[in-house]
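Contents: one structure, followed by commentary.
Every chain is numbered from 1 and lettered A, B, ... according to where its sequence line falls, protein lines coming before strand lines. Keep in mind that what you see is a predicted model, and the values were worked out from it rather than measured.
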Amino acid sequence: MDYTADHLACARGDRMVIAELSFHLAPGRALILRGPNGSGKTTLLRCLAGLTPPMAGRTSFAPEEVAYAAHADGLKAQMSVEETLHFWAQVFGASQIAPAITGFDLGPLMSRRVHTLSAGQKRRLSLSRLVLTGRRLWALDEPTVSLDSRAVAQFAAAVTAHLAGGGAAIIATHIDLGLTGADQLDIAPFRASAQTDTDPFLDEALQ
Amino acid sequence: MIALLRRDLILAIRAGGGFGLGLAFFLILCVLVPFGVGPAPATLAKIAPGILWVGALLACLLSLDRIFQLDAEDGTLDLLATSPLPLEGITSVKALAHWLTTGLPLTLAAAPLGLLLNLPPQATPWLVAGLALGTPALSVIGTFGAALTVGLKRGGLLISLLVLPLYMPTLLFGAEAARRGAEGLNATTPLLLMAGITAGTIALMPFASAAALRMNLR
C-alpha cells in the first residue's frame, strides 16, 4: 500500500504552519524533507505521527502505522541501555530486542546506564527504538544529530534495510544520507501564508 | 502498561527520583508540629487528625509536577503518545505509580507518626483506613492537574492552585472520619462518602487527564 497525503494542513499550537501539502510515497522508498529552519518539518512529522491532528486534508495511513523519532532522545538517565530497550519492546509489543542491538551496534553498551553514554551513543539508542516498533513508516526528525560519520553510515544502512523490507521513511535532514531510492521534497513552498494564520474576526475588528 | 508502571517505579526509587520527597516532608511536619504547638498533649490530641491529613495532602502535592514534566522535557511523553498504549491507560498508570510512591508510604507511616502527635489510639484505624481510601483520589486528581500544566515551565504553583479545591472533599471527609474516631464515634459515613469520591475520580479522571494531555501535546 502506498503512503499518500492529500492537501494536508498542519498547525503548531494555534498557528497554521503548513498548507496544501501533498506527497506520494511507495513502499521501499524514502522521502527526504528539505527546508530551512522553521519551515515546518517538525510540524509536518508530528502531524503525521498523530501528535497534532491535521487542520485540513487527509492521509492514506493511520498514525498507528508511523514510528516517530523526535529531536529529543526520550531516554532516562537512570536506566541502563538494556532496561530501556526492554521497556520500549514491551510498550510496542516486540518479542525480542536483538534486531535493535545488532542494527545499531549497541552490544558493548548493554549494561551501561544512559547517563554514562555520549551524545552520539544516546542518539543510536534512541534510533534503535524504531526497529522495535515494528511499524512500516518511519518519520524521522533530524535523526543524524550528534552522530559521527561511522554511525551515520550505520544508520543509513538501517534505513536501507528497513526500506528493503518493504517499509518506507520520511526523513527531515540537512545532510546527504546516500540512500538509494530517495525522493526529495522541499517543503518551503507549502508554508502557510500570513493570511491563513491571522484571525479573520480579529482582522475585521482592527480595520 | 505493566512495563510503564515498572519503569516509573524504578525511576522513582533510583537516584534523582521523587520517592522519598513526600514521605520526608510528612515526617518532618509531624515531628515539628509538637514543638511548634508546645507541651500540651490535650491540644495536640485535638488537632492531630487535621495535622496528619493536611500533612498527607501537602506531601502528595509536592511531587505532582514530576508526574509528566520529566517525561515531557526529555521527549518520552511524545513517544509514549505515539505508542500503542492508550493515553487513558498511560494517565491511569502514572496515577497508580504516583500513589504507590507517595500515597501508600504516607498511609503506612501515618500510624507511627500519629503516636508523635498524641493521636488517640482509637482514631488510628480510622485515620489509616481514611488515608488508604482517600490518597488514591489525591493521586488521580493530581495527575489531572499535572496533565493540564505539562507544557508549562515551573507549573508546580499552578498545579497547586488548580488541584487544591478538588482536594477539599477528600480532606474534609478524611479529617472528619479521623476526628470521629478520636471521639470514639462511628466514622463509617464520612469514610463511605470519601470512598465514593475516590471511586468516582478513579473512573472519570483518567479520561480528563488524557484529554488535557492531548491538548497540550499539540
Side-chain angles (χ1 to χ4, degrees), chain A residues 10-17 42-43 45-55 62-80 83-94 113-115 122-123 126-127 129-130 132-135 137-139 141-142, chain B residues 1-21 63 66-94 96-97 101 147-153 210-218:
Chain A
C10 310
R12 187 79 182 260
D14 294 330
R15 209 168 61 88
M16 184 116 82
V17 179
T42 298
T43 306
L45 290 172
R46 286 178 69 87
C47 182
L48 295 177
L51 288 167
T52 50
M55 305 274 277
E64 285 74 35
E65 295 172 56
V66 181
Y68 175 58
H71 277 287
D73 286 328
L75 301 172
K76 292 294 174 192
Q78 303 98 314
M79 288 172 73
S80 74
E83 285 170 330
T84 307
L85 289 175
H86 274 299
F87 167 66
W88 288 106
Q90 279 171 318
V91 166
F92 282 98
R113 290 275 175 95
V114 169
H115 69 89
K122 281 183 193 164
R123 196 72 207 151
S126 178
L127 290 171
R129 180 168 33 210
L130 290 166
L132 299 176
T133 62
R135 293 181 173 180
L137 179 59
W138 288 1
D141 197 355
E142 301 284 359
Chain B
M1 297 285 213
I2 292 166
L4 181 62
L5 179 66
R6 196 165 53 217
R7 187 206 68 142
D8 268 23
L9 294 179
I10 289 174
L11 289 176
I13 291 163
R14 285 202 183 146
F19 177 62
L21 192 68
S63 47
R66 303 178 64 92
I67 296 181
F68 291 117
Q69 199 64 49
L70 299 178
D71 278 349
E73 275 166 12
D74 65 16
T76 309
L77 196 59
D78 283 346
L79 296 168
L80 281 176
T82 59
S83 77
L85 302 180
L87 266 183
E88 289 78 7
I90 291 171
T91 54
S92 310
V93 168
K94 287 276 182 186
L96 178 61
T101 53
L148 274 179
T149 56
V150 72
L152 306 172
K153 289 262 175 282
L213 269 189
R214 251 182 223 114
M215 211 173 65
N216 275 328
L217 285 175
R218 284 184 189 177

Does a side-chain heavy-atom distance below 4.5 Å link B:R7 with A:T84? no
Separation between CG (A:D73) and CG (B:L79), nearest 0.5 Å, reads 9.5 Å
Sort out for me which of A:R129, A:R113, A:R12 touches chain B most, counting heavy-atom pairs under 4.5 Å. A:R113
What I'd like to find out is whether the side chain of A:Q90 reaches to under 4.5 Å of the side chain of B:I2, using heavy atoms alone. no
B:L80 versus chain A, the contacting section by heavy-atom distance below 4.5 Å: both
What residue in A:A11, A:P63, A:P53, A:G93 has the most heavy-atom pairs under 4.5 Å with chain B? A:P53
Out of B:T76, B:D74, B:D71, B:L4, return the one with the most heavy atom pairs under 4.5 angstrom to chain A. B:D74
Among B:A3, B:G75, B:A81, which has the most heavy-atom pairs under 4.5 Å with chain A? B:A3
Toward chain A, the part of B:N216 with a non-hydrogen atom under 4.5 Å: neither
With rounding to the nearest 0.5 Å, note down the distance linking CD in A:E83 to CG in B:L11. 9.0 Å
Side chain proximity check, A:V66 to B:T82, heavy atoms < 4.5 angstrom: no
Can any side-chain N or O of A:R46 pair as donor or acceptor with the backbone N or O of B:L217 at less than 3.5 Å? yes
